[in-house]
Asks: 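Let me begin by handing over the structure; questions about it come next.
Counting starts at 1 for both ligands and their atoms, following the listed order.
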Amino acid sequence: MFWDQASETLSRPLLERAQLAQLQETVRRVALSVPFYQQKFASLGLKPEDIQSLADVRRLPFTANDDLRAHYPTGLLAVPLEEPVRLHTSSGTTGKPKALLFTRKDIDQAAELVARSLVMTGVTRQDVFQNMMSYGLFTGGLMMHYGAEKVGCLVIPSGPGTSERQLMLMQDFRTTVAHILPSYALYFAGFLEQRGIDPRRDLAWRKAFVGAEPYTEETRQKIQQALGIQVFNSYGLTEMNGPGVAFECEHQCGMHLWEDHFLLEIIDPKTGEPVPEGQQGELVLTTLKREAMPILRYRTRDITRLLPGPCPCGRSHRRLDRITGRSDDMLIVRGVNIFPQQIERVLMAHPQIGRNYVIILEGLDDLTVEVELAAAGFDGDVEHVAALQHHLAEKLKAELWVRPKVNLVPAGSLPIAEGKAKRVIDKRSL
Ligand SMILES: [Zn+2]
């Protein structure tokens with residue numbers, strides 16, 4: 001099912017021709033109206049007419065997280081202040097937020113992309129869409145709301161309300177689709193179970209869009225199982241409109257990134273150079289159609305890769321793999337880029353391994369992974385421990401291309417962090 005079949009299936013040559021025209025237009029506009037980019041272009045000796053091909057995007061300056069903060073609140077605006085109709089800010093971190101302004105056309109375009117994304121998963125105007133994300137400055141609630149309305153769903157803006165109220169609305173209005181945080185989806189499954197409600201039998205719920213928090217494939221499977229629904233991965237960020245940047249289609253095999261609106265690059269976060277096609281790196285996005293705040297080469301800090309080959313759905317927009325980490329977390333060990341999440345995935349796939357681990361770097365690039373054994377299910381026999389250590393080291397070497405030393409330690413022996421766990425201890429003398 002398509003919302004905008006012509007755009008979604010546009011041939012690559014036509015898509016790329018349109019991208020180049022939009023990129024050139026965007027560069028011209030910021031060169032005329034945004035002092036931040038004017039200064040950057042001047043220092044690079046760059047003129048808008050230097051952008052002659054899509055590969056020339058690499059001549060443009062990056063825009064970093066800190067650039068958005070430094071130009072808070074309206075320093076990156078490319079239109080007069082009376083043009084924008086909506087403000088959103090980024091969530092999270094301390095200090096001043098990142099402020100993003102949108103014109104009416106920007107909002108409409110963002111809603112279009114959400115509409116495409118929803119229809120791509122099989123949503124129709126018959127659906128009842130319960131939006132459990134918070135509304136307000138955060139883009140997750142409102143942008144999804146506008147897109148679902150555009151499709152013609154009945155939208156219930158329940159927000160992150162109590163589970164009793166979510167359930168009441170869900171039952172009374174026969175909700176079929178929900179937008180929900182992964183952690184809350186799991187909690188809600190438990191809540192239903194306590195009430196003796198079998199979602200397969202008692203609810204009309206059949207799909208969920210899950211995002212805003214990183215989660216693993218195992219968590220997706222768990223949510224699907226527990227609630228008897230299909231769960232679709234989505235990718236979005238406030239700097240690029242919020243939800244609807246990239247979304248899974250009905251085949252659930254990677255997220256189509258809407259390339260007629262965003263020009264994508266995957267770079268090595270340390271060097272800024274493109275990685276070979278299909279390799280992991282940092283996603284960098286340039287807005288192609290945004291009016292109020294065009295952004296060139298935004299460093300998302302999200303690590304992903306492009307999936308090879310066409311998707312059976314027939315869409316020409318390329319697919320991103322699930323986000324596997326943040327570039328801030330990247331380690332370089334013996335010249336190889338390693339993400340702690342890669343190590344975690346290998347460890348957590350093993351039932352005899354507990355959840356607590358620490359990655360230690362010392363000397364000249366010696367990598368040690370210290371990990372707790374599961375509380376139950378292991379006899380502690382010295383030979384068994386050695387065999388398991390060897391097995392894990394081999395598994396990690398296959399994933400990382402670097403062979404770590406693995407130390408198994410008893411359950412409960414590693415320190416427990418309050419809040420975000422400190423997983424990496426770097427004692428290298430570099
Ligand atoms: Zn597809």
Side-chain angles (χ1 to χ4, degrees), residues 1-19 54 109-127 129 143-144 147-148 150-153 176-180 182 206-212 214-221 223-224 229-237 240-266 277-281 283 285 288-289 300 302-324:
M1 271 195 292
F2 293 93
W3 172 256
D4 178 359
Q5 189 163 6
S7 302
E8 294 172 48
T9 60
L10 197 62
S11 72
R12 292 299 305 180
L14 287 179
L15 177 56
E16 286 169 16
R17 196 188 302 170
Q19 284 184 312
L54 285 178
Q109 290 185 149
E112 272 292 308
L113 297 188
V114 171
R116 274 188 203 176
S117 303
L118 296 181
V119 170
M120 174 160 72
T121 68
V123 170
T124 70
R125 60 192 301 275
Q126 271 84 48
D127 278 298
F129 187 103
M143 288 299 193
M144 197 63 118
K150 206 177 244 286
V151 173
C153 302
T176 56
V177 183
H179 183 207
I180 188 168
R206 63 191 177 87
K207 286 181 204 304
F209 306 113
V210 165
Y215 66 105
T216 59
E217 184 57 31
E218 290 70 41
T219 302
R220 184 224 299 252
Q221 299 297 341
I223 299 171
Q224 295 197 140
I229 58 175
Q230 254 186 312
V231 171
F232 295 89
N233 292 335
S234 63
Y235 177 70
L237 63 169
M240 299 285 136
N241 302 347
V245 174
F247 227 89
E248 278 186 328
C249 67
E250 63 209 314
H251 298 283
Q252 292 178 298
C253 57
M255 302 179 284
H256 291 282
L257 187 132
W258 299 123
E259 294 185 77
D260 53 341
H261 284 255
F262 305 102
L263 185 65
L264 77 87
E265 298 168 78
I266 310 264
E277 179 93 19
Q279 268 190 29
Q280 284 219 328
L283 179 66
L285 294 172
L288 292 174
K289 294 187 178 170
T300 67
D302 290 319
I303 300 297
T304 182
R305 67 186 179 110
L306 282 173
L307 295 172
C311 183
C313 74
R315 287 177 182 80
S316 51
H317 301 246
R318 287 176 294 175
R319 289 166 299 140
L320 294 182
D321 201 354
R322 134 196 320 281
I323 305 296
T324 55

Asks: Quick one: ring-ring contact (aromatic ring centres under 6.0 Å, His included) partners of His261, sequence neighbours excluded?
Replies: none
Asks: Less than 4.5 Å apart, side chain to side chain, heavy atoms only: is that true for Thr304 and Ile266?
Replies: yes
Asks: Within the distance-only criterion (no hydrogens, no angle test), does the side chain of Arg319 pair as donor or acceptor with the backbone N or O of Gly309 below 3.5 angstrom?
Replies: yes
Asks: Taking atom types as modelled, find out whether Trp258 and Ser7 have a side-chain donor-acceptor pair closer than 3.5 angstrom.
Replies: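 No, no side-chain donor-acceptor contact under 3.5 Å.
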Asks: Just the protein N/O/S atoms under 2.8 Å from the Zn ion (ligand 1), please, no waters.
Replies: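 Near the Zn ion (ligand 1), below 2.8 Å, one finds Cys249 SG, His256 NE2, Cys311 SG, Cys313 SG.
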Asks: How would you list, by chain and number, every residue that makes a ring-ring contact (aromatic ring centres under 6.0 Å, His included) with Phe232, sequence neighbours excluded?
Replies: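 Listed in chain order: Phe209.
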Asks: Name all residues meeting the salt bridge (charged side-chain N to carboxylate O under 4.0 Å, His left out) criterion together with Arg318; count only those two or more places apart in sequence or in a different chain, and write none if there are none.
Replies: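 Glu259.
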